Number of protein chains: 2
Amino acid sequence: MARSTHTDRDFPQAGHDHAACIDEALAAAAEVCRLSGARLTELRRQVLLLIWDSHAPVGAYQLLDKLSRDGRTAAPPTIYRALDFLSGQGLIHRIESLNAYVGCRDPRRPHVGQFLICRECGTAAELEDAEIAGTVRARCADADFEMHHLTLEVLGRCPGCRRTGPGQADR
Amino acid sequence: MARSTHTDRDFPQAGHDHAACIDEALAAAAEVCRLSGARLTELRRQVLLLIWDSHAPVGAYQLLDKLSRDGRTAAPPTIYRALDFLSGQGLIHRIESLNAYVGCRDPRRPHVGQFLICRECGTAAELEDAEIAGTVRARCADADFEMHHLTLEVLGRCPGCRRTGPGQADR
DNA sequence: TCATGAATGCAACATTATAACATCGAAGAT
DNA sequence: ATCTTCGATGTTATAATGTTGCATTCATGA
Ligand SMILES: [Zn+2]
Ligand SMILES: [Zn+2]
Ligand SMILES: [Zn+2]
Ligand SMILES: [Zn+2]
């Protein structure tokens, strides 16, 4: 099997072909919306693109700033509605521990978000680990708890930042 | 082995002896602070008690209201400083997906928080599951990711609420 | 062309959290 | 006992994040 710029499980590398990430995200978004009958309007597409500026989760008001710089009129509801839509289509995820939003790597398949987030460079990697999901489900079953939604966010230091400098750990 | 009002893994029951929970929490807090040399002042003790009003995570401004009703002068920094202290001592946890705070069941042992949270009654149960923690750690190791902090929050419906009424699932 | 409903613009507001600085008070040093 | 010091608390203002309600626009189909 051909290996793309990064495999499913890799942490996004510093020098990777991010244009490919963006292309793939847009293509996936178009397909997902077509299948669900939802309308991927220009505004929503624009916001999705801004989120995909990088693999680092970005705040709603940062997105607002970016939108404004792009010449759009933009007030908070503008961005929050777009975020609601994109999140509803599974095209982005909210990172609860950061109040921020990040693009989904594989919106075609339904999944819970599991994230590794680097405190230094901000980059977030999305996992889709069946073993973690299975263990959590099993524990919920043990407790007779009906699971609706899982938030799993690991904060730490990514491979790239570990190589760069082991000394200056935080902030 | 004797079974206390609830075992470590149980979801807090509707009719359990909550006074015992509170007593235990206060005793644990006193011990933890004594060992760490931190000062569990009257204000901090009061806030910890208010958090232990129930097993449902409570917001900072709700705590403020409670404090005010108790006759304390209270502004946001009052409560946030107390929350920082209690959280620093491991006596409470912040629930990221709710912007709320809940008492820790076992502050004497260091641990990451893993929570099952009921959308209906608000009750949160804290897990300390080694298998979940181990799997997450293993996946981080696979990804060459240095894990600092884990946020794991499961939203769903608790055993009690499931028994009450399976129909009205949400909201 | 017109009716309809979804999407967006816009103003105000609600909620959550922090910064900056003044004051108080416990605990040890003199 | 008094002083000193530093952590804890009080107070005001403000930042950051998110929502409500209503007017307007726009795509879509009758
Ligand atoms: Zn990329
Ligand atoms: Zn990094
Ligand atoms: Zn209890
Ligand atoms: Zn419940």
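These figures come from a predicted structure and were not determined experimentally. Letters A, B, ... are given to chains in the order of the sequence lines, protein chains preceding strands, and every chain is numbered from 1.
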What residues, two or more places apart in sequence or in another chain, satisfy side-chain hydrogen bond (donor to acceptor under 3.5 Å, both in side chains) together with B/Asp84? none

Check: A/Asp142 and A/Arg139 side chains under 4.5 Å, non-hydrogen atoms: yes

Measure the shortest side-chain to side-chain distance between B/Ile51 and B/Leu83 over non-hydrogen atoms and say whether it is less than 4.5 angstrom. yes

Between the side chain of [X] and the main-chain N/O of [Y], is any donor-acceptor distance below 3.5 Å?
| X | Y | result |
| --- | --- | --- |
| B/Glu153 | A/Leu150 | no |
| B/Arg157 | B/Arg119 | no |
| B/Glu126 | B/Arg105 | yes |

Provide the start and end nucleotides, 5' to 3', of the part of DNA chain D that has atoms under 4.0 Å from heavy atoms of chain A. D/dT17 to D/dA27

Nearest non-hydrogen partners of A/Pro107 and A/Gly90, listed with the distance: CB-O, 3.3 Å

Contacts under 3.5 angstrom, residues 57-72 of chain A side chains, donor-acceptor by atom type, not counting sequence neighbours:
| from | atom 1 | to | atom 2 | distance (Å) |
| --- | --- | --- | --- | --- |
| A/Gln62 | OE1 | A/Gly59 | N | 3.0 |
| A/Lys66 | NZ | A/Asp53 | OD2 | 2.8 |
| A/Ser68 | OG | A/Leu64 | O | 3.0 |
| A/Arg72 | NE | A/Gln46 | OE1 | 3.1 |
| A/Arg72 | NH2 | A/Gln46 | OE1 | 3.4 |

I need the single residue from B/Val136, B/Thr151, B/Leu152 that forms a side-chain contact (heavy atoms from CB on, under 4.5 Å) with A/Val154. Which is it? B/Val136

Reading nucleotides 16-23 of chain C from the 5' end, what letters show protein touch, with B for base, S for backbone sugar-phosphate only, - for no heavy atom under 4.0 Å? BBBB----

Residues touching DNA chain D, which here means a heavy atom under 4.0 Å, drawn from residues 29-52 of chain A: A/Arg39

Residues in salt bridge (charged side-chain N to carboxylate O under 4.0 Å, His left out) with B/Arg81, at least two apart? none

